[in-house]
*Asks:* 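A single structure is presented below for examination.
The shown structure was predicted, so the numbers you read here are calculated from the model rather than taken from an experiment. Within every chain, numbering begins at 1; the chains are lettered A, B, ... in the order of the sequence lines, protein sequences first and strands thereafter.
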2 protein chains.
Amino acid sequence: MSSVTSTLPATPLPAPRMAADERRESILAAATAVFGAKSYAGTTTDDVARAAGVSQPYVVRLFGTKQKLFLAVLDRTVGKLLAAFRASMAGDAETQPTRMGEAYLGLLSERGLLQSLSAAFLLGGDPEIGPAARAHFADVWRFLRTEAGMGAETAHLFLSQGMLINTLVGLRVGTEYGANSGMTELFDLCVPDKVDVILAQIPTATEPW
Amino acid sequence: MSSVTSTLPATPLPAPRMAADERRESILAAATAVFGAKSYAGTTTDDVARAAGVSQPYVVRLFGTKQKLFLAVLDRTVGKLLAAFRASMAGDAETQPTRMGEAYLGLLSERGLLQSLSAAFLLGGDPEIGPAARAHFADVWRFLRTEAGMGAETAHLFLSQGMLINTLVGLRVGTEYGANSGMTELFDLCVPDKVDVILAQIPTATEPW
DNA sequence: GTCTATACTGAGATAGAC
DNA sequence: GTCTATCTCAGTATAGAC
């Protein structure tokens with residue numbers, strides 16, 4: 001009915017060129033968010049690509065395989081985790097556990113970071129991911145016991161509580177529960193005086209992926 | 001070269017007829033193991049079928065969709081969890097937390113039970129699984145606080161430690177780590193005097209799926 | 001450095017026989 | 001109650017252009 005030129009197919013503007021390292025990092029960040037939300041197998045390389053604003057084959061091109069991408073995400077995540085812990089270690093020994101706890105909560109501000117970790121920790125049976133996940137977990141444990149100087153008991157409690165926090169965030173408890181349902185009580189114990197901060201980090205709407 | 005009758009194609013013996021309920025339960029058990037090992041998205045209905053010794057379409061036929069199967073697994077799992085807790089409640093109040101902890105550890109003897117739960121707890125963002133997972137989690141919390149009469153602090157600690165145990169099992173820590181690596185220390189704190197029992201529950205070899 | 005086109009495979013689900 | 005055959009789509013990965 002009308003001219004051909006008027007029905008423009010909206011050229012899907014190619015992503016602007018970027019230094020490889022920069023692009024790599026932005027894809028890792030996107031992948032972290034998506035893996036965190038949909039777990040390893042539930043994530044497609046296309047999800048990641050769209051979250052990062054690049055094409056699906058390019059994601060594969062840069063990282064080789066989806067699995068390698070996931071392993072790269074893991075490395076980066078644990079690196080950030082330990083870095084955050086180390087950064088929190090200045091100050092007097094008395095309040096250190098508290099500060100480390102807060103450092104941990106700070107990591108919630110990166111979408112999917114802790115949930116990607118949790119996802120990896122469930123894949124111990126995978127022949128490639130499993131060993132990597134165990135190694136990373138052991139690194140964290142060793143860090144707490146040696147570098148951070150925590151006693152076994154303290155480190156145990158610290159880790160436990162971290163895992164529960166991960167669970168609550170993975171469950172998206174904040175999005176669905178109101179002030180009732182008893183969950184708020186638990187939330188308060190897990191992240192005292194930080195409920196609002198935490199809730200803000202949880203994705204509320206449907207994501208692009 | 002030889003007679004036709006001698007090269008038997010090994011008729012893949014059809015599963016013996018079973019009452020629907022019985023078959024349903026055996027598929028649920030198989031599905032629990034597989035979902036626990038490979039997470040929701042990583043599990044195929046064919047994995048489950050083979051673990052249960054039936055055909056893939058039959059699994060779908062009985063449960064409608066993979067998702068419904070997973071939700072059924074969740075129901076069953078939480079049912080077993082609460083049942084085990086309730087069963088442990090007889091006796092004096094003093095040692096009750098200990099007995100509940102032991103009841104929890106007892107659940108490790110069913111392959112994948114706690115790991116399926118953990119997997120579900122990571123899928124809070126899923127439009128159908130998320131709400132179900134939150135509801136189940138809330139049920140457990142309410143149980144601890146009301147029926148089991150735990151204080152908020154106690155319940156919090158109890159849950160935390162449960163989540164860490166789930167993590168360790170999901171990681172298959174026992175399979176890969178020997179007496180070194182520091183993990184044994186943590187293991188001992190998580191499941192005192194039960195290390196061997198726990199390790200025995202962790203699948204060691206390649207499974208049929 | 002990044003894309004389009006496409007080959008290939010795997011997996012959920014349906015149809016219908018026994 | 002259970003299977004075989006099969007349709008169909010989604011998703012990883014490759015080839016090759018720009």
*Asks:* Pick base, sugar-phosphate or nothing for Arg23(A), based on heavy-atom distances below 4.0 Å to the nucleic acid.
*Replies:*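 Touches sugar-phosphate only.
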*Asks:* Check whether any side-chain N or O of Trp141(B) sits under 3.5 Å from a backbone N or O of Gly182(A) as a donor-acceptor pair, and report yes or no.
*Replies:*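 Confirmed, Trp141(B) side chain pairs with Gly182(A) backbone.
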*Asks:* Which of these nucleotides, dT12(D), dG1(D), dC3(C), is closest to any side-chain atom of Tyr58(A)?
*Replies:*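 Looking only at heavy atoms from C-beta outward on Tyr58(A), the closest nucleotide is dC3(C).
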*Asks:* Report the residue (Gly42(B) or Arg17(B)) whose heavy-atom-nearest nucleotide on DNA chain C is the more 5′ of the two.
*Replies:*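 Upstream on the strand: Gly42(B).
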*Asks:* Tell me: CD of Glu22(A) to P of dT2(C), nearest whole Å?
*Replies:*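 One finds 9 Å between P of dT2(C) and CD of Glu22(A), rounded.
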*Asks:* Just compare dA13(C), dG11(D), dT2(C) and give me whichever is closest to any side-chain atom of Met18(A).
*Replies:*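 From the listed options, dT2(C) comes nearest.
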*Asks:* Please list all pairs meeting salt bridge (Lys or Arg N to Asp or Glu O under 4.0 Å) that have one or both residues in residues 58-76 of chain A, counting only residues at least two apart or in different chains.
*Replies:*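 Sorted result for residues 58-76 of chain A: Glu25(A)-Arg76(A), Arg76(A)-Glu110(A).
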*Asks:* Check whether any side-chain N or O of Thr44(A) sits under 3.5 Å from a backbone N or O of Asp47(A) as a donor-acceptor pair, and report yes or no.
*Replies:*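 Yes.
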*Asks:* Using a cut-off of 4.0 Å on non-hydrogen atoms, how would the nucleic acid contact of Ser55(B) be classed: base, sugar-phosphate, or nothing?
*Replies:*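 The answer is base, as Ser55(B) lies within the cut-off (heavy atoms under 4.0 Å) of a base atom.
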*Asks:* Does any donor-acceptor pair link the side chain of Arg61(A) with the base of dG16(D) at a separation under 3.5 Å?
*Replies:*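 Side chain to base: pair present.
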*Asks:* Please tell me which of Val60(A) and Pro57(B) maps to the more 5' nucleotide of DNA chain D, matching each residue to the nucleotide holding its nearest heavy atom.
*Replies:*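 Nearest-nucleotide comparison on DNA chain D picks Pro57(B).
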*Asks:* Given dT12(D), dC3(D), dT2(C), which nucleotide is nearest the side-chain atoms of Thr45(A)?
*Replies:*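 Side chain of Thr45(A) sits closest to dT12(D).
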*Asks:* Tell me: CG of Leu62(B) to P of dT2(D), nearest whole Å?
*Replies:*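 So the CG-P distance, Leu62(B) to dT2(D), works out to 7 Å.
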*Asks:* For Met18(B), is there any backbone N or O sitting under 3.5 Å from a side-chain donor or acceptor partner on Arg23(B)?
*Replies:*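 Looks like no, no N/O pair under 3.5 Å.
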*Asks:* Taking NZ from Lys66(A) and P from dA10(D), how many angstroms apart are they, rounded to a whole number?
*Replies:*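 After rounding, the gap between these two atoms is 16 Å.
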*Asks:* Send over the distance from Phe63(A) CZ to dT14(D) P, rounded to a whole Å.
*Replies:*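 That distance rounds to 16 Å.
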*Asks:* Go through the N and O atoms of the side chain of Arg50(A) and the base of dG11(D), and report whether any donor-acceptor pair is under 3.5 Å.
*Replies:*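 No, no donor-acceptor pair under 3.5 Å.
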*Asks:* Donor-acceptor pair under 3.5 Å: do we get one between Gln56(B)'s side chain and the base of dA11(C)?
*Replies:*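 By the distance-only test, no, there is no pair.
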*Asks:* Among Thr32(B), Leu74(B), Val140(B), exactly one meets side chain to side chain contact (heavy atoms under 4.5 Å, CB included) together with Leu117(B). Which residue is that?
*Replies:*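 When side chain to side chain contact (heavy atoms under 4.5 Å, CB included) is applied between Leu117(B) and each of Thr32(B), Leu74(B), Val140(B), only Leu74(B) qualifies.
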*Asks:* In whole angstroms, how far is the P atom of dT12(D) from the CZ atom of Phe70(A)?
*Replies:*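 Those two atoms, CZ and P, are 14 Å apart.
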*Asks:* Could you check how far CG of Asp47(A) sits from C1' of dA10(D), rounded to whole Å?
*Replies:*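 Taking atom C1' of dA10(D) as the reference, CG of Asp47(A) is at 11 Å.
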*Asks:* Return whichever of Ala19(A) or Asp46(B) has its heavy-atom-nearest nucleotide of DNA chain C closer to the 5' end.
*Replies:*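 By nearest-heavy-atom nucleotide position, the 5'-most residue is Ala19(A).
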